[in-house]
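Shown next, in structure tokens, is the structure this report addresses.
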Amino acid sequence: MSTINLSVNGKQYSLESIPGETLSTMLRERLRLTGTKIGCEEAECGACTVLVDGQPMMSCVYPAERADGKTIVTIEGLAQRVHEEMKLHPLQDAFVEHGAVQCGFCIPGQILTAYALLKRNPNPDSADIRFALKDTLCRCAGYPSIENAILAAAQALRTGEPVQKPTHIPDSIHEHKTVGHSHLRPEAVEKVTGEALYTDDLKFDGMLYAKAKRAMIPHGFLKKLDISKAKALPGVAAVLTAEDIPAEKNHGLVIFDWPVMVGIGERVRYVGDALAIVAAETQEIAEQAVGLIEAEFDLQPVITNPVQARQEGVPQIHEKGNLLKHIKVRKGDMDAGFASADVILEHTFHTPTTDHAFIEPECSIGVPLPDGRMEIYVGSQIPYQDRTQVARVMGWPEERVRVVGQLMGGGFGGKEDIMGQIHVAMLANVTQRPVKLLFDRHESLLVHPKRHATQIRVKLGAKKDGRIVAMETELYGDTGAYASLGEKVMTRATTHSAGPYDIEHVRADCYAMYTNNPPAGAFRGFGVTQSAFAVESMMDMLADTVGVDRVELRRMNALHVGSVTNTGQVLNESVGLTECIDRVDAEMRKHTPRPFAPRVDSANPNLVRAWGFASAYKNTGLGGGAPDISGADVELYEDGTFQVRSSAAELGQGLVTVMRLTVAEEMAVAPEQVRVLVMDTDLAPNGGPTTASRQTFVTGNASRYAAKTLRDQITATMAEKFDVRPEQIRYEDGIVHVNGHSMTYAEIYKEMTAIGQQPKVRYEYEAPKTMPLGEGGDMHFAFSFGVQAAEVEVNKLTGEVRVLKVISANDVGMAVNPLGLQGQIEGGVMMGLGNCLTEEFIVDNGNVVTDHLARYRVPGIMLTPEITSIIVEHPISSGPYGAKGVGEICSIPTTPAITNAIYNAVGVRIFKTPVDQEMIARELWEREETK
Amino acid sequence: MNLWQEYKSPTSVAEAVQDLASAAGPALPIAGGTDLMLDLRQGNHPPVHTLIDLTFIPEMSALELRGDELYVGAAVPVNQVALDPLVGTHAQALTEAANLIAGPQVRNTATLGGNVAHALPAADGTIALTALDAVAEVAGAAGRRRMPFTSLFLGPGKSAIDKTKEIIVGFYLPIARPHQASCFKRIMRPQGVALPILNCAVWLERDGDLVRDIHIAVGPGGATPFRATEAEAFLRGQSFNDETFAHALDCLLDQAKFRTSARRASADYRRHIVGGLLKDVLDTAWKRAE
């Protein structure tokens, strides 16, 4: 044992060394400076960056002992460094003002890295910033906002002036007092100071640490499981297996087919299946105990892909077979359609499995209460469903479980399924102690559901002039070992597989298949990302075949008001596709008059540039006949402030801002007067799942109608009290005007409570009814539309692809918070860019190859193109102020826009993502050789 | 399951060597530790009892001119190498490689010693040092010795240094004379593992339009850091033009053993793009040496 003497944020510490401790663990666990985040523990993501003697370092691979004699600055040490009082550093200020903070998990690392940059270079340019932030990943990927924030902070530091606010983000065209204008996130400040708590930042007295034993074989039967050595290990509090599951054995979001643990004699369906769970006094003991558990399997042949899964005679993974669902779309008469076509094209496309790679890995904490109830602390996209699922397995009434949602370091669809929630409930129940289960990055990559890998065949018939008359698609989706949301995802892939086009004859068949790969479920884009790549590539091929301009082809076929979608839905309003096409086209041609012609770099003839273009649409809301409901409470407090509550999830996307602005608008108060509480099943009504770009619409509406109802109650009470007509009561700037009397909300509170009225309203909003697929009518209550153009540079020799510019237009109905929208759209483009160029979750015969972040590349700031966002606002009457979803649409057209641009530059058509630069180079050199 | 039991912070090379010999269990030196920590954590490295931190040894963190050589301590953070004006003047290829190793935070801890000790045939720092004809100073129980750079490598991931007994103290580079220059560049594949698919460093000395001397290193061009000695031999004394370049490239392609790395690059692809990369690097170094 030796002593480590170090200074942290200006305070001297003298700490006994602990063998094997890293600096990040020392800071987080011993000094409780939890602003330093752990994203990967492999020096890849940068979230754990702290300053050591002024230099940014990854504290997750920095031995604590090495910090002896060093001076450390963490994010908590930045705010007071300017003045004696707690004042934000200009960088923190700028990150808040520029909307650079989304989920917030990477922000401490971003800010500290930027801080070190500004110390050595007070006047950095864009290239300097990108160089410095190269490996500080942001999966919400508001890289342009981060860059702007750093530039603004640098200026403020140089000049001593306050941080300049962003000037390039226009307000909504729909005029309102509060909504439609840029506002700051309510939780932005705590996210830049490191005070924001995520699940792993919580610690409870007597807390145990859990770890699951994973099967690590893709397919087989569990023959033997020996937990005796693990149980005997000192410090182990409990080891549980399938035999210990109190009630229901399986969990699942739609189909309960996912075992909480696999029991003896039962089938292991993928490497991530849990066999046993351990709770121990420390994380190290838990890990050691898991290592002592011995399992034997009767190995079975592995189903590796959905096409194989559908073949005759292959092993059936589930009792009902390998077919999760055959999804059909039928419109018109295909024979007649193709017979009337002048040209017919047919091609097959492949997309890989991809991972959400949210920077915050999954974490759950179960806390048993003296009265027998159980609290689950977790960052989850569906708090109420977590409650149901935990209760089912425990055999309890739902009310016995309280899910206390925490800030989430990103979700993107990957935090909808059960991960550790049930396991910690079981362990906490048995031990009657709090239990934390934190995934490391390796486990996160192995276990949680991914984006579906697909094979998509498209056959398209068109007239000579480019009008599409028939579209036939056949899709295979790899839903992996368990259903998760596979059926829903592949339904969306299928219904959207003919693109955002008005086509008379459509037929689509999709086979969502079980395999022995990690499960696939929800991931931003929800199946449409995959089918958009296929159909938009086909559109460009059609344009070449019939000799029509790529943009014009899309314009002439575009869905418009009055169109009938391929599921038989008549679009009555809010179809901004043509405007998106026109505006992206105009913006693109401002840069390049002939955008699709290849342009050779004058200095290096190997470099060729061109633009590519793609369109897409995406439903808002669950649709397909599912009741789409969200509840919200709005309450007025004694001090005249409001709280709005809903158990919808804030994963970084900005729902809390939408809820706050909505209530502020309705009550005519400043947004700061409205507090927001989300994700707590005891304190807030069910907001439903945060999926399908639905929360702005449903919980936005629930908040709005709850506020409106409260306002109506106030109006009625005041009208009676002062004996005036309700119309004579006005709400303005936080004051209620009643016929000459001006009352604050604090006074209103007094008036209401004095006559026994609780100024509190719960509103359950139900979105317009939808119809199941195949029954015609409205399958969805709203669609968002998006168009993107990407300019790429391809190196003809090496095949390397660089995206230079992206123009993204999104019809979102109405921009509730333009500042938040900007970041979300930038992030969507970057996620699309990663999907196209860098990301591939590789599974080899059921075994995960990309089991570390170092092997799974998410795009960093260096790959960020210049992104221009154009907001199109064709309002939908049922949406809050006309708004519909944006979370997914902004990510969907990116991939085909880039692959189409590659084709336009060098004539190589991409049929499989991610783009393989070697394939491009090879095709070009083989073409050269055959010349 | 602690990553290590004991942590030593010796302040001299002799002490470090002694610590290695006297450790109570398996012992390893740790410089930046960015790779070692991961290997230990991910179980890719047998458990270690004692870690011996080399960053507290002044000699190993020194970067200075020593006679007609530039000395770079093996524990100097890569970022310091990248920013140091002496390195920029005498070993520009190393500056360029150092600027590309991993990311900025990792560069603040990662070291050249670690880069070399991993014995990967295509590590950026390694390829630059190969072309610069570095000499390594190695310390062990028997004292110190100087080893030609390429003799440090036995095969992919296999170092001639026994890490449990010996320590790379630092590297010596010849200082640049007039008309000598170097350059390093690489080609990445954006998806997948962190190593570049091909990198190349060239050091050369010009005599007007003639190549007086040249070193060409390409990674991965074999199981150990590859020197294109055939191409070098051909180019020495030649004038540098398209024709001589084409012949030199042929020599390189004949000599190099490009391999296919699963999910990174095929041998074919590497053969196809190496010419463009070499041309680029050579042209740049040639201009610098004017």
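Chain naming here is simple, since letters A, B, ... match the order of the sequence lines and numbering starts at 1 in each.
Counting heavy atoms from C-beta on, the side chains of B:T109 and A:M58 never come closer than 4.5 Å. The shortest side-chain heavy-atom distance between B:I197 and A:E918 does not fall under the 4.5 Å cut-off. The shortest side-chain heavy-atom distance between A:W925 and B:I273 does not fall under the 4.5 Å cut-off.
Taking chain A as the reference chain and counting heavy-atom pairs below 4.5 Å, the highest number among B:P77, B:A31, B:S9 is found for B:A31. Considering only heavy-atom pairs separated by less than 4.5 Å from chain A, the leading option among B:S266, B:G33, B:A102, B:G275 is B:S266. Counting heavy-atom pairs closer than 4.5 Å to chain B, the top-ranked of the candidates A:Q55, A:H442, A:M862 is A:Q55. Among the candidates A:H852, A:K134, A:E800, the residue making the largest number of heavy-atom pairs closer than 4.5 Å to chain B is A:H852. In terms of heavy-atom pairs under 4.5 Å with chain A, the best-connected choice from B:N99, B:L277, B:L36 is B:N99.
No part of B:L198 comes within reach of chain A, as not one of its non-hydrogen atoms sits under 4.5 angstrom from that chain. Proximity to chain B is absent for every atom of A:V858, based on heavy atoms less than 4.5 angstrom apart. Heavy-atom distances place the side chain of B:N79, and not its backbone, under 4.5 Å from chain A. Contacts of A:T798 with chain B are made by both backbone and side-chain atoms, with heavy-atom separations under 4.5 Å. The contact between A:R66 and chain B is made by backbone and side chain atoms together, counting heavy-atom distances below 4.5 Å. Looking at A:P63, both its backbone and its side chain come within 4.5 Å of chain B, counting heavy atoms on both sides. For a residue to count as touching a neighbouring chain, one of its non-hydrogen atoms must lie under 4.5 Å from one of that chain's; by this rule A:A132 touches chain B with the backbone only.
The number of heavy-atom neighbours closer than 6.0 Å to CD of A:E929, taken from other residues, nucleotides and ligands shown, is above 12. Other residues, nucleotides and ligands contribute only 12 or fewer heavy atoms inside 6.0 Å of the CG atom of B:D242. Within 6.0 Å of CZ in A:R802 there are 12 or fewer heavy atoms belonging to other residues, nucleotides or ligands. Counting heavy-atom neighbours within 6.0 Å of A:K229 NZ, excluding the residue itself, gives a total of 12 or less. Other residues, nucleotides and ligands place more than 12 heavy atoms under 6.0 Å from the CD atom of A:E926.
A distance of 6.5 Å separates CD of A:Q917 from CZ of B:R189, quoted to the nearest 0.5 Å. Between atom CH2 of residue B:W4 and atom CD of residue A:E21 there is a gap of 8.0 Å, rounded to the nearest 0.5 Å. Rounded to the nearest 0.5 Å, atoms CG (B:N2) and CD1 (A:I18) are 9.0 Å apart. Interatomic distance, CD of B:Q105 versus OG1 of A:T113, reported as 4.0 Å (0.5 Å rounding).
Between the side chain of A:E41 and the backbone N or O of B:L38 there is no donor-acceptor pair closer than 3.5 Å. Panel note: side chain B:N108, backbone A:M57; no donor-acceptor pair is recorded below 3.5 Å.
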*Assess whether side chain to side chain contact (heavy atoms under 4.5 Å, CB included) is satisfied between B:Q42 and A:E42, documenting all intermediate values.*
CA-CA 9 Å; B:Q42 294 169 7; A:E42 43 173 314; 3.9 Å; yes
*List the steps and the verdict of side chain to side chain contact (heavy atoms under 4.5 Å, CB included) for B:R41 and A:T22.*
CA-CA 11 Å; B:R41 194 175 274 146; A:T22 57; 3.3 Å; yes
_Derivation of the side chain to side chain contact (heavy atoms under 4.5 Å, CB included) call for B:D53 and A:E65_ = CA-CA 9 Å; B:D53 191 326; A:E65 277 115 327; over 6 Å; no
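Between A:D916 and B:R263, none of the side-chain N atoms (NZ, or NE/NH1/NH2) sits under 4.0 Å from a carboxylate O, so this pair counts as no salt bridge.
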